[in-house]
Every structure is written in structure tokens, then in C-alpha cells.
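Quick notes on the structure that follows.
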Amino acid sequence: KVFLGRAIEFLSSYIESLGKGATNQTELSRKDLNGLVKIVLPSNEVMGEFEILTLPNYHTMYNLINQNRLLREARDLLLPRLMLGHIEV
């Protein structure tokens, strides 16, 4: 599951480059999709090991993203109050 997601993520810029269209609405044709690179999946054992090794990194990444979001919200709440003198340093 994780392995396939990462493989598709690795190809995402290539897949996006296949889009055709204008006015910010691009589409992928069936012909282009059929010509995509084939993803060879390893055995379930190897994919399981990959997941065991990489999931802690993903958990850390998502926690850091969430902490950044909370810090941005705190900054956006506190900075105007500080600039108006409602909060003393």
C-alpha cells in the first residue's frame, strides 16, 4: 500500500506533464494513461518491510506538518494583538 503510493507519487510530475488542455482544466487521455510506465510491485514481504521502515517517517512528517499548522494559527492570532499593543512582551 505504502510502496504503491510512493511509486505513484514518484511519477506524479511525469503524469502531470501528460495533461492536455487549457484554462486550468487539463485532462489525461486514455491513450496517454495506457502508455504510462509499468510499476513492478515487489513481493508482499518486501512491501511489508518497506512499510515497517518508512511508516515512522511518515508519522513524524504528518506530526510536523500539523505542528506547523498550529504555529501558523497561533502566529496569525497573536501577531495582530502584539502589533496593536494589546499584548506586552
Side-chain angles (χ1 to χ4, degrees):
K1 300 154 193 119
V2 174
F3 181 87
L4 182 59
R6 292 294 295 152
I8 292 171
E9 185 179 348
F10 180 76
L11 293 171
S12 65
S13 60
Y14 172 69
I15 294 170
E16 287 176 15
S17 73
L18 297 175
K20 294 177 179 68
T23 64
N24 292 330
Q25 185 163 351
T26 57
E27 296 179 355
L28 295 171
S29 71
R30 287 184 181 178
K31 179 183 174 187
D32 289 336
L33 287 175
N34 284 334
L36 282 177
V37 174
K38 305 288 185 210
I39 298 173
V40 178
L41 296 178
S43 68
N44 286 335
E45 182 180 322
V46 171
M47 285 194 291
E49 287 294 320
F50 179 83
E51 190 167 323
I52 289 169
L53 291 172
T54 58
L55 274 181
N57 294 336
Y58 283 106
H59 290 296
T60 301
M61 182 177 66
Y62 292 128
N63 285 334
L64 290 171
I65 289 169
N66 189 47
Q67 287 178 15
N68 280 336
R69 182 185 56 80
L70 293 173
L71 287 169
R72 271 193 312 275
E73 290 173 6
R75 178 205 59 205
D76 292 345
L77 178 70
L78 295 173
L79 188 59
R81 292 178 186 181
L82 180 64
M83 297 300 287
L84 292 173
H86 295 159
I87 298 175
E88 293 184 24
V89 179

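In this text the structure is predicted, and so the values were computed from the model without any measurement.
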Check the surroundings of atom [atom1] in [X]: do more than 12 heavy atoms from other residues, nucleotides or ligands lie under 6.0 Å from it?
X     : atom1 : result
Asn44 : CG    : no
Glu45 : CD    : no
Phe10 : CZ    : no

Nearest-0.5 Å distance that lies between atom [atom1] in [X] and atom [atom2] in [Y]:
X     : Y     : atom1 : atom2 : value
Arg69 : Gln67 : CZ    : CD    : 10.5 Å
Leu77 : Ile87 : CG    : CD1   : 7.5 Å
Met61 : Leu55 : CE    : CG    : 10.5 Å
His59 : Thr54 : NE2   : OG1   : 9.0 Å
Phe3  : Ile8  : CZ    : CD1   : 10.5 Å
Leu84 : Leu79 : CG    : CG    : 9.5 Å

Are [X] and [Y] connected in the hydrophobic side-chain network, where two residues link if heavy atoms are under 4.5 Å apart?
X     : Y     : answer
Leu4  : Tyr14 : yes
Ile52 : Val2  : no
Tyr62 : Phe50 : yes

task = Measure the shortest side-chain to side-chain distance between Leu70 and Glu73 over non-hydrogen atoms and say whether it is less than 4.5 angstrom.
result =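 They are in contact (side-chain heavy atoms under 4.5 Å apart), so the answer is yes.
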ask   = So, for Ala7 and Ile39, which heavy atoms are closest and what is the spacing to 0.1 Å?
value =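 Between these two residues, the closest heavy atoms are CB-CG2, 3.9 Å.
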task = Specify the closest pair of heavy atoms between Arg75 and Pro80, including all atoms of both residues, with the distance to one decimal.
result =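 The answer is O-CD, 4.0 Å.
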ask   = Step by step, would you call Val46 with Glu49 a side chain to side chain contact (heavy atoms under 4.5 Å, CB included)?
value = CA-CA 5 Å; Val46 171; Glu49 287 294 320; 5.7 Å; no
